[in-house]
*Asks:* 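Could you have a look at this structure, given as structure tokens, before my questions?
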Number of protein chains: 2
Amino acid sequence: MSVDKSLLTGSTTMLILKLLESEDMYGYQMIEELNRKSNNVFELKAGTLYPLLHSLEQKELLTSYEETVEKARVRKYYSITPKGRKRLEEKREEWQEYTAAVNQVLGGASFARA
Amino acid sequence: MSVDKSLLTGSTTMLILKLLESEDMYGYQMIEELNRKSNNVFELKAGTLYPLLHSLEQKELLTSYEETVEKARVRKYYSITPKGRKRLEEKREEWQEYTAAVNQVLGGASFARA
DNA sequence: CAATATTATATCGACCATCTATACATGTCA
DNA sequence: TGACATGTATAGATGGTCGATATAATATTG
């Protein structure tokens, strides 16, 4: 928590896909992982995440399955699809292009490429 | 043109303030400059810019003055205020914090420096 | 000289991502 | 038992950007 929330716009999908690149995860776990990995810069809200997960599933970038843990609690795990991995790669490229452009305008080291 | 538009959200204010850091400019000029400096990655739309300029002026981050050029055309120049410079510095820091966090999640070189 | 493109500022309605608030259910610990 | 953490979920509000549109002067070109 600290960065302007609107900066986040558009990169959340990429971050979610990235988290799922190496292992299946459930929603709550993603929130915690994102918070941990970003040194508390990102505090993804449940109200943002779950609708997003559903839409990503509809677009076939993710699949889900339920798993019962400790006799009662049911967790919904999400798994990235090949299509999702492809989208992640596209998003990553866009991200690099975008940040390079901003940095160039800011006058810092640019590393512009296209 | 090319990056996901939603990535832009929130950074436009910073980019505008940055443009005005070194010289006064008028709206149309900002659109062109931003396009040029970003190698056509940013195509700021007039419908985005003008309302934004007005709101920045209301927040006293900018001031404006009109100047008649070539006997007829009136250009509206915008000038950054001390308050605007301060805001620019804050935005720049946020931007660095935010990109460091994203890069860290992406697993690339992080250069985190909260 | 008329049509079109470019320069220049401006507003409006729509869209979309995110947030806050809320809801509901279970497990744990004091 | 009551508070807190875990866990998934939806609804409504907010805010930034875009496309469409309007207006008007200058420059270009057929």
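Both backbone and side-chain heavy atoms feed into the values below; hydrogens, waters and symmetry mates do not.
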*Asks:* Rounded to the nearest angstrom, tell me the gap between atom CD in A:E43 and atom C1' in C:dT18.
*Replies:*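 It works out to 14 Å between those atoms.
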*Asks:* What is the distance, rounded to the nearest whole Å, between atom CG of A:L44 and atom C1' of C:dA17?
*Replies:*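 For the pair A:L44 CG and C:dA17 C1', the rounded distance is 12 Å.
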*Asks:* Specify the separation, in whole Å, of atom NZ of B:K45 and atom P of D:dT21.
*Replies:*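 Distance check: B:K45 NZ to D:dT21 P gives 16 Å.
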*Asks:* Could you tell me how far apart B:E57 (CD) and C:dT9 (P) are, to the nearest whole angstrom?
*Replies:*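 Rounded to whole Å, this separation is 13 Å.
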*Asks:* Checking A:T48 now: which residues fulfil side-chain contact (heavy atoms from CB on, under 4.5 Å) with it, not counting sequence neighbours?
*Replies:*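 Once residues adjacent in sequence are excluded, the partners of A:T48 under the side-chain contact (heavy atoms from CB on, under 4.5 Å) criterion are A:L44, A:K45.
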*Asks:* Given atom CG of B:L15 and atom P of D:dT17, what is their separation to the nearest angstrom?
*Replies:*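 Distance, rounded to whole Å: 10 Å.
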*Asks:* According to salt bridge (charged side-chain N to carboxylate O under 4.0 Å, His left out), who are the partners of A:R92, at least two apart in sequence or on a separate chain?
*Replies:*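 Scan of A:R92 (salt bridge (charged side-chain N to carboxylate O under 4.0 Å, His left out), adjacent residues dropped) gives A:E21, A:E89.
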*Asks:* For A:T12 and C:dA17, is the shortest distance between a side-chain N/O and OP1 or OP2 below 4.0 Å?
*Replies:*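 So the side-chain polar atoms of A:T12 never come under 4.0 Å of the phosphate oxygens OP1 or OP2 of C:dA17.
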*Asks:* Of all residues at least two apart in sequence or in a different chain, which pass the side chain to side chain donor-acceptor pair (under 3.5 Å) check with B:E32?
*Replies:*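 With neighbours one apart ignored, the set is empty.
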*Asks:* List in chain and number order the residues that pass side chain to side chain donor-acceptor pair (under 3.5 Å) with B:S55, two or more places apart in sequence or in another chain; answer none if no residue qualifies.
*Replies:*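 Counting only residues at least two positions away or on another chain, B:S55 forms no side chain to side chain donor-acceptor pair (under 3.5 Å).
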*Asks:* Whole Å only: how far is the CD1 atom of B:I16 from the P atom of D:dG16?
*Replies:*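 These atoms are roughly 14 Å apart.
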*Asks:* Show me the protein contacts with nucleotides 7-10 of chain D, counting only N or O atoms at under 3.5 Å.
*Replies:*
from	atom 1	to	atom 2	distance (Å)
D:dG7	OP1	A:R75	NE	2.7
D:dG7	OP1	A:R75	NH2	2.3
D:dG7	OP2	A:Y26	OH	3.0
D:dT8	OP1	A:K76	N	3.1
D:dT8	OP1	A:K76	O	3.4
D:dT8	OP2	A:G27	N	3.2
D:dT8	OP2	A:Y28	N	2.8
D:dT8	OP2	A:Y50	OH	2.7
D:dT8	O5'	A:Y50	OH	3.4
D:dA9	OP1	A:K76	NZ	3.1
D:dT10	OP2	A:H54	NE2	3.4

*Asks:* Going by ring-ring contact (aromatic ring centres under 6.0 Å, His included), name the residues that satisfy it together with B:Y77, two or more places apart in sequence or in a different chain.
*Replies:*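 With neighbours one apart ignored, the set is B:Y26, B:Y65.
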*Asks:* To the nearest angstrom, how far is A:F42 atom CZ from C:dT18 atom P?
*Replies:*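 Roughly 11 Å, once rounded to whole Å.
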*Asks:* Whole angstroms only, please: what is the NZ-P distance between A:K59 and C:dC16?
*Replies:*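 Atom NZ in A:K59 sits about 10 Å away from atom P in C:dC16.
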*Asks:* To the nearest 0.5 Å, how far apart are CD in A:E94 and OG1 in A:T99?
*Replies:*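 Rounded to the nearest 0.5 Å, the CD-OG1 separation comes to 11.5 Å.
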